[in-house]
Amino acid sequence: MLKSLRHIFNRCTNNVLTIERLKSGYGKKQVLFDVSLDVKEREIVAIIGPNGCGKSTLLKTICGVIPAWKGDIDFNGHRINNATPAQNVCRGITFAPQGSRVFDELSVAENLEIGGFHLSEKQRRSRTDEILQLFPVLERRLQQEAGRLSGGEQQMLALARVLIPSPKLLMLDEPSLGLAPGLVEEIFAKIAEINSQTGVSILIVEQRVRAVLALSHRVCSLKLGKVALFGNAAELGEDSEKLKQLFL
Amino acid sequence: MDYFYHILVVVCIYAVLANSLNLLTGYTGLLSLAHAAFFGIGAYSAGLLALNAHMPFFVCILCAMVVAGILGLMVGLPSLRVRDDYLAITTFAFQILAFGCLNNWVSLTGGPQGLNGIPRPAIFGIVIASNAQFLVLTACVCSFTYWVVARIVRSPFGRVLKAIREDEIFAQSLGKNVAKYKLTVFVISSCLAALIGAVYAFYIVSIDPTGFTVMESIFIVSILIIGGAGSLWGPFVGAVVLVVLPEVLRQVGLPEALAANSRQILYGILLVTFMMWRPQGLFGEYKLGSSSREGK
Amino acid sequence: MQDETRAENVIMLDVEQVSKDFGGVKALSEATCSIREGEIVCLIGPNGSGKTTLFNIITGFLKPDCGKIVFRGSDLLTLPPHHISKIGISRTFQNLRLIRRLSVLDNVLLAFDQQIGEHLSNLFMRTQASLQMEQRNRDEAFSLLEQVELAEKAHNAAEDLSYGQQKLLSIACCLATRADLLLFDEPIAGVSPYLTDRILSLIRDLPAEGKSVIMIEHNLDAAAPICDRMIFMDSGRIVSEGTPEAVRNNAQVIKAYIQ
Amino acid sequence: MQLVANIIIAASTILLVGLGFALIYRVVRFFHFAHGVVFTSGPYAAFLLTTRLGLPLAISIPIAVVISAALGATMELAVYRPLRRKGSSPLVLLMASLGIYVLLQNTISLAFGDDTKSIRPNTISEGIRVFGAVITPVQLLTVAISIGLLAAMIVFFRQSIMGKALRAVANDPVLANISGIDSDRVIFWTFVIGSALAGIAGIMVAMDVDMTPNMGMNALMMAVVAVIVGGVGSMPGLILGAVLLSAAQQLSSWFLGSQWQEPMAFAVLLVFLLFRPQGFLGKRVKNASI
């Protein structure tokens, strides 16, 4: 009773995603300890923190790759604790895992089609056309094998792929990993553009703290699997002392 | 009564085979589909020596074990490079190759006719001929094998084997020479299979390649898995179940012509059933291919 | 026993210009560092900076593309992993490795070196000696387990332990090899506060026994008090090294973490 | 010339079986031994339909192929899927598939007898002379069908969404899962298609040289050898493997006698497993990550 009331409440606020007291981990190893956070419509929330603090684990738990031990994950008024990744994609949560992962043996066009696997042929085609307008780099290379793209292009492809199903929430795990400095800015600019153009909420994990803070509305800082700070991104960006304290 | 003794001899033979395979598969985690080949190599080596060179029983057995040991070492070599299902395929290939040689190398092995009229062995002047006498002999071999395997797996040596089975890299990081252990186990296991192979040749008098096919190898693995890989009693239980059960069925009145097929169908069903609901077998502690690693 | 003041300055492990490339990604580039006898060094750096790769290379599980590693006068690069363990370098793994279905005691016993019973011929010829040695090792294993407060669980399967206890056990295994250089990969990550203190105090006491430690750890607050030096790595390079305080305040380190 | 013709014919048969086996192996990553009995089921189903039900061969063959496909799909649903759900290791799946093989092969023996059965269209078929080599019409058809199916497979992989999803699962199962691909569905269709291919291959072989209940094991092993030698997951590699293997077999049968064909194939396999386990065109087998 109480739970369903809470879901109704979550639907009334403009929260896309609400996480409450989430516990999770691998095997016996607990990584997340009572993590709570929320993402509102059209918002970019950054998750930052030192290595091993559970950033990637959090994203994997939300999208259903690893099970949640305890707590609540609420997406648009539905409890999705036990949903499979496929169900989540249909519902509107897509996830781009770490290290610009693409299907390297498939062509760029095929990668995009896989992104829209559950759509109808027609929807898939129209979505692909729409998304390609955001990524002119890819349009020129549609028939190329994805493994032969440069690192930056692969990351663009990974971004494009997760946008195909018209998600309401996009989760990105270190989109800048392994990219040269110039490209990082390009990717970040692209993410901001996606957010403003499509209005999709974004949950982004990043090591490049300053860059991601400049981009995000709010920030959640994790330390040893717990939320150390959840607040305004711009404010934290200006507070160097606080940042150093969070990391070192 | 003779028939009863015969069944027990067969049980003993399969118990030895499963037990020796247990050392390799159950304790070290190396699935081999070539055990019938070593069984056959033992039988043929002993049979050939007894027929052509008229060697005494013990010399025949010893030579059979040496030959199988050397071949076992060779089959063990790939296990240093490939693992799990690739190793299974490698041993499978060796099994087919060995069968091909037994079947086709007519000048040495007699081809499909095999070897006939292997003389009855004499131990300290006593000629062993009746089923009851052979039962005593195979039971001795069976106990010997049990003793060897038990002594190995209960020792620090066996502890290393289990470590290799569960996590090779961890064993290496603790300073264990994994390659040496794997090869040693391959050799011991092949020697033991050849030992009972030699006894089998003397028991059955005529041997031909059809006793040492891939299916036979799969049968031995089934005994081990159903009984329980990685347990000392598993192979005995498996051998009893898989050898005696079809005999019981035969007593119920299945026609002879269908008996062979229905026996195979039975153990096919058993194998699938066990894999699905009890992959560690009746008494085993180890599920095939399951390592100690928890997924990250 | 060695004279302590002198031992402090003797170099135990020397890593020189080691590079490793994984299909175009430089996991390590010209990493150079050295570890002295009786020292605790903490290796820090962002993900993918090459810390674990360095461990894998020192322990022989990976061969570097170029460079040189010398441990007490012997060149490590030509040796297989089991041999490196025998000459005195032991490690734990980031994704815990233990023989989960064996008992806690067996895991420790496995780690002892030069066991008579591990040679096949001895199993049948020198039964008595093998048994005696096993008994001695057993006693020693128990005292080690007591040291890590796991003696009560000695006969439980390793998989029954909690995560933190498993980490303790893996450290006990490392100690049982009697190695002098111990490499711990994230020894306290994911461990409860109480066990974290246990593990750290265990590590802190190791130099007194003439052992050196290199550990990878992200929990800097916890690790800093016990280590003599910190080495900071980024993108396969060793960027900065010095006292924990100096490294944590180093501008480059701060920049790498908070870009 | 005859030798070359024989190599091509043998290679196309191996290719037919190998195509199905490789397809399944690429996606599920374990050795599906029961593929051998799916292969055998094709011709026996056709035999049943023609002799017992009196259907013409042209009708019974498509039905037989459907039966084979259904058999393979049943194995997936009844055995492999539950096993995968439990997180069973590839070795457990391998043993289960061996069990299925033994079970079904003996069921066929029991039902039809161990003797040779025939579904040849006419008892004695005239050989056709092509470039000085004698080839029977059935052999010619085998070559044509295997080339045709190879082309069809390539089109399927390149054009259809299911084909692409299948490649995606083979390429990166985790990412495919995250991208929302229902891997169970993909694997199901993989078994359907792979098993249909096996059924076709079995029927072609039986039309050429008749059938026995244990014909599948040999055919399967040839497929396994070709797939490993060629390199898992590589279509050109499979073709290369099939040609290499049939060449080795035909040459050994030419020079040593036909009984050495089979041992020769496995000698080739052993050499590859020892020195180049990833095969000709395959990617390096990944070492256990540390």
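Values below: every heavy atom of this structure, side chains too, minus hydrogens, waters and symmetry copies. To find a chain, count down the sequence lines: A is the first, B the second, and so on, and within it residues start at 1.
The candidate from A:Cys63, A:Pro85, A:Ser107, A:Gly64 with the greatest count of non-hydrogen atom pairs under 4.5 Å with chain D is A:Pro85. Residue with the most contacts toward chain D among A:Thr84, A:Val65, A:Leu106, A:Val89: A:Leu106 (heavy-atom pairs, distance under 4.5 Å). Comparing D:Ser183, D:Ser179, D:Ala176 by how many heavy-atom pairs each has under 4.5 Å with chain A, the most go to D:Ser179.
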Decide yes or no on salt bridge (charged side-chain N to carboxylate O under 4.0 Å, His left out) for D:Arg85 and D:Asp184, but give the supporting numbers first.
CA-CA 10 Å; D:Arg85 291 253 163 91; D:Asp184 277 346; 2.5 Å; yes
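For a residue to count as touching a neighbouring chain, one of its non-hydrogen atoms must lie under 4.5 Å from one of that chain's; by this rule D:Ala170 does not touch chain A. Contact of A:Val102 with chain D is made through the backbone alone, with heavy-atom distances under 4.5 Å.
A donor-acceptor pair is defined here as one N or O able to donate and one able to accept, closer than 3.5 Å; such a pair exists between the side chain of D:Ser246 and the backbone of D:Ala242. D:Ser88 places a side-chain N or O within 3.5 Å of a backbone atom of D:Leu83 that can act as its donor or acceptor partner.
Taking the six-membered ring for Trp, D:Tyr25 and D:Phe30 have ring centres at least 6.0 Å apart.
Ring-plane geometry between D:Phe21 and D:His35 is classed as tilted, the angle between the planes lying from 30 to 60 degrees on a 0 to 90 degree scale.
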